[in-house]
Amino acid sequence: MAKTHIIPFLGLLVVLLNIIPNSADEKTSSAIFIMGDSTADVGTNTFLPQSVVRADFLHNGIDFPKSRPTGRFSNGFNSADFVSKLFGLKRSPPPFLFLTTLKTSHFRRHLLKGVNFASAGAGLLDVTGPNLSVVPLSKQISQFSTVKENLTALLNLTATETMLSKSLFFISIGSNDIFGYFMSKSTVPKDQFISLLISSYSDHITNLYRLGARKFGIISVPPIGCCPSQRLVQKLINGVNGCFEPENDFALSFHSALNNLLLNISSQLSGFKYSLGDGYRMTIDVINNPHASGFENVESACCGHGFINAQGPCNSTASLCPDRRKYLFWDMFHPSMKAAYMAALTLYNGPPQYVSPINFSQLAEDN
C-alpha cells in the first residue's frame, strides 16, 4: 500500500431500486449540508495544497461530464451527488473552501442551497490523520458556524433559524478512525475505542443542534474490511483471500453503538429528527449476492495497481477496468459511481432493514 495514499474510505454500497423516483425534483427546496469524509468529498481537499489525500487527477472522474477529475474519489459522481439529486439539486452543493474564493455576495447567495464540508481522510477524532492536512469533523462544524453567521447577515436570525430547522444535514464518517486504530496498532480495548468514537459523535451532533440543525441523515460505517486495500491486508497478514474481519467487527460494533446514541439523543433534544443508514448491512448484502445488483466483481478495484488493483492508488498510470458498471469498487477504498448511485437510492427510500427509523425522503417531511 502506498504510504502517501492513506485512509480515504470505503463508503456506502447497496442495491434496491433501479430508477430515481419521479417525485425527486418536487420533494424539497430545503438546503442540504453535507459533512464527512471521502465518500462525500466533492473537491474539498483540492483546496488544501498540503493534503496528501486527493483525487484531482485521472483516472478519477473518467465518467464525470467531460471526463474531468474534480477531487471526487470516484469514476464520476459520488453518493453525496446522488442524494442531492434525489432532493432536486443538480449535484452536491459545492465545497465550502471553493465558496470562500468567491466574492462575499456570491458566497452568501450560494449558501441558500447548502454546502458540502466533507474532507477525504477526515475522522470523528481530531487525532485521526493528523499529518494528512485534511478537515476533521470538528473543523467542518466550525466552518458551518461561519456559514450560519453569513446566512444571518443575508437573511436575519429568525429567518436563518427557520431555514436551518428545515434543512437536511447528512453525515458519513467513522471509517478513517477505525482504519487509524488498526494502522497504529493501538492497544486500546475495542469497547473503549468505540465508546470514544460515540462520545465524540455525540458532541458533534449536539454542537450542530445548538447551531440550529434538526434533521440528521447519518450513515454508519460499512464493512471496511472488505474493500480491496483490506483484502490485501488479509492476504499479507493471514495468507488467505477474503475480508479482514477484525475491522468488520469494529464496524458492526460502531453501528450498534451509534444506533443507541441516536435513540438516546432523540429523547433528549426537542425537534431532533434522524435517519440512520446501516452502511454495514447495505454493503454486505451486495457482497454476498453481487449478481442481484448487476455486479460481477466485488473484490478488486476497477482502478489501481498490482494484486486486485489494491497495491497502488488510482492514477493516470493505473490499470483501468473496461466496464466500471460491473465493479463494486472504483479504487482500493471507494465505491464505483454505480454503487454510490444505488446507495443513495436506498438511503432515500429504502426499507427499515437498511435505513431506520425512517428513510431520507421521510426525514425531509415536516414534523
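Computed from heavy atoms alone, side chains included, the values below leave out hydrogens, waters and symmetry copies.
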Residues 239-272 vs disulfide bond (SG atoms under 2.5 Å apart), sequence neighbours excluded, gives Cys226-Cys243
Arg214 to Tyr209 six-membered ring, cation-pi geometry met (6.0 Å, 45°): yes
Should side-chain heavy atoms under 4.5 Å link Ile, Leu, Val, Met, Phe, Trp and Tyr, which residues sit in the same cluster as Tyr327? none
For residues 97-106, run the donor-acceptor check on the side chains, cut-off 3.5 Å, and write out each pair with its distance to 0.1 Å, sequence neighbours left out.
| unit_1 | atom_1 | unit_2 | atom_2 | d |
| --- | --- | --- | --- | --- |
| Thr100 | OG1 | Leu97 | O | 2.7 |
| Thr101 | OG1 | Phe98 | O | 2.5 |
| His106 | NE2 | Arg109 | NH2 | 3.4 |

Asn45 and Ser119 side chains, donor-acceptor separation under 3.5 Å: yes
Measuring centre to centre across the rings, with the benzene-like ring taken for any Trp, is Phe82 within less than 6.0 Å of Tyr348? no
Apply disulfide bond (SG atoms under 2.5 Å apart) to the pair Cys321 and Cys303, showing each step before the final yes or no. CA-CA 6 Å; Cys321 68; Cys303 181; over 6 Å; no
In terms of side-chain heavy atoms, does Asn359 have a donor or acceptor partner in Asn349 at a distance below 3.5 Å? no
Answer yes or no: is there a side-chain heavy-atom contact under 4.5 Å between Phe295 and Val286? yes
Pairing of Arg324 and Asp63 as salt bridge, 4.0 angstrom limit: yes
Set of side chain to side chain contact (heavy atoms under 4.5 Å, CB included) partners for Thr146, sequence neighbours left out: Phe96, Asn150
Apart from Trp330 itself, what residues make up its hydrophobic cluster when side-chain heavy atoms of I, L, V, M, F, W and Y under 4.5 Å apart count as a link, directly or indirectly? Ile62, Leu320
Is it true that Asp331 and His334 share a donor-acceptor pair across their side chains at a distance under 3.5 Å? yes
How are the rings of Phe333 and Phe179 set relative to one another: parallel (under 30°), tilted (30 to 60°) or perpendicular (over 60°)? perpendicular
Under 3.5 Å donor-acceptor pairs involving side-chain atoms of residues 187-195, not counting sequence neighbours:
| unit_1 | atom_1 | unit_2 | atom_2 | d |
| --- | --- | --- | --- | --- |
| Lys190 | NZ | Asp249 | OD2 | 3.0 |
| Lys190 | NZ | Ser253 | OG | 3.0 |
| Ser195 | OG | Asp191 | O | 2.9 |

Checking Lys215 against Tyr274: charged group under 6.0 Å from the ring centre and within 45 degrees of the axis? no
